[in-house]
Amino acid sequence: MIETLELTKCYGGFTAVDHVSFRVEPGEVLGFLGPNGAGKSTTMKMLTGFLTPSSGSASVCGFDVQKQALQVKQVVGYLPEGAPSYGEMTPRQFLEFIAAIRGLSGAYRKRRLNDVIGRLELEAVLDQSIDTLSKGFKRRVGLAQAILHDPEVLILDEPTDGLDPNQKHQVRGLINAMARNKVIVISTHILEEVSAVCKRSIIIAGGKLLADATPAELAARS
Ligand code: ADP
Ligand code: ADP
């Protein structure tokens, strides 16, 4: 479903991601674990087409991320790290806007909007400005836009970062529910996060891939 070959990104003379190769098979939830600055976000952005690799390649569902960017955008949902500001837009307006960008229309559009609003339990806040919502709700709005077009692959960058324990638990539950029929890659700097939701983890530090293991194997090492 996902394959990278010697994926590399340099910023000036600095190598942020250094010849990283890995595969993610159908049905997998992969943790992408590493300290801050390890190169996680840079890798996630190269999987979604937001960043161009300096060398190497990535493919998703058989589509080359560089050469078939449009197809890749259709099969991938992406939660960027942090909480981007959406100004005064409400979740309803924002999701309508994403539906329009995604080219969803008619009954299908309505069905998808109802599905994600229900799944992420956004009903109560649909008409409040996103900027005034709690971090937990903001993250749920971010997840809602990522899954609106029903993508096969989800790339989630630090999905629970900055949330309180209760919100973390909620978001992990949602990810586990979505994992039933999607391939998911979760970037995180928290070991506990990969133990909670991933069956396999890749460890990255200083831009280099250091290990590929199950959470139990990782816990045994630490
Ligand atoms: P992580 O997500 O693991 O915290 P990043 O992929 O964000 O790591 O960053 C990896 C390294 O690349 C860091 O040292 C970061 O400072 C650097 N970096 C990221 N983006 C840029 C950029 N646009 N220009 C220069 N350096 C960058
Ligand atoms: P599903 O298989 O998810 O129940 P459908 O059978 O309605 O959905 O549609 C199959 C696929 O066709 C959808 O996953 C979607 O990618 C695409 N699709 C269907 N209708 C539309 C539409 N009105 N706008 C954009 N894409 C659509």
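Since this is a predicted model, take the numbers as computed values, not measurements. Just so you know, residue 1 is the first one in the sequence shown, and it goes up from there. In listed order, ligands and their atoms are each counted from 1.
- Taking atom 5 (P) of ligand 1 as the reference point, the nearest protein heavy-atom neighbour is Thr42 OG1, 3.6 Å.
- Here CG of Leu154 is found 8.5 Å from CD1 of Ile175. Values are rounded to the nearest 0.5 Å.
- At least one protein heavy atom sits closer than 4.0 Å to atom 24 (N) of ligand 1.
- Using a distance-only test at 3.5 Å, with no hydrogens or angles considered, no donor-acceptor pair links the side chain of Lys9 to the main chain of Thr43.
- Judged by distance alone, the side chain of Gln68 and the main-chain N or O of Val65 form no donor-acceptor pair under 3.5 Å.
- Considering backbone and side-chain N/O of Thr43, none are found under 3.5 Å from N/O of ligand 1.
- Within a 4.0 Å radius of atom 15 (C) of ligand 1, the protein contributes no non-hydrogen atoms.
- With Ala16, Ala205, Cys10 as candidates, the residue nearest to atom 12 (O) of ligand 1 on a non-hydrogen basis is Ala16.
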### Message
Between Leu113 and Leu148, does the side chain to side chain contact (heavy atoms under 4.5 Å, CB included) criterion hold? Intermediate values first, please.
### Response
CA-CA 7 Å; Leu113 284 167; Leu148 187 60; 3.9 Å; yes

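- Proximity to Asn36 (heavy-atom distance under 4.0 Å) selects the following atoms of ligand 1: 4 (O).
- In terms of protein heavy atoms, atom 18 (N) of ligand 1 is closest to Tyr11 CE1, 3.4 Å.
- Arg111 forms no cation-pi arrangement with Tyr108, by the criterion of a distance under 6.0 Å to the ring centre and an angle within 45° of the ring axis.
- At least one heavy atom of Pro35 sits less than 4.0 Å from an atom of ligand 1.
- Within the 3.5 Å criterion, the main-chain N or O of Glu6 finds a donor-acceptor partner in the side chain of Ser21.
- A salt bridge is defined here as a Lys NZ or Arg NE, NH1 or NH2 lying under 4.0 Å from an Asp or Glu carboxylate O, and Arg200 with Asp212 meets this definition.
- In this structure, Gly34 falls outside the shell of residues with a heavy atom less than 4.0 angstrom from ligand 1.
- Looking at Lys135 and Asp161, no side-chain N of the basic residue comes within less than 4.0 Å of a carboxylate O on the acidic one, giving no salt bridge.
- Atom 17 (C) of ligand 1 has Phe14 CE2, 3.9 Å as its closest protein atom, hydrogens excluded (heavy atom only).
- Of the polar atoms of Gly37, at least one N or O is found under 3.5 Å from an N or O of ligand 1, judged by distance alone.
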### Trace of the side chain to side chain contact (heavy atoms under 4.5 Å, CB included) decision for Gln167 with Ser134
CA-CA 10 Å; Gln167 294 167 335; Ser134 69; 3.9 Å; yes

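- From the protein, the heavy atom lying nearest to atom 8 (O) of ligand 1 is Gly39 N, 3.1 Å.
- The nearest protein atom to atom 7 (O) of ligand 1, hydrogens excluded, is given as Ser41 CB, 3.6 Å; this is a heavy-atom distance.
- Of all atoms in ligand 1, listed by their number and element, those nearer than 4.0 Å to a heavy atom of Ala38 are 1 (P), 3 (O), 8 (O).
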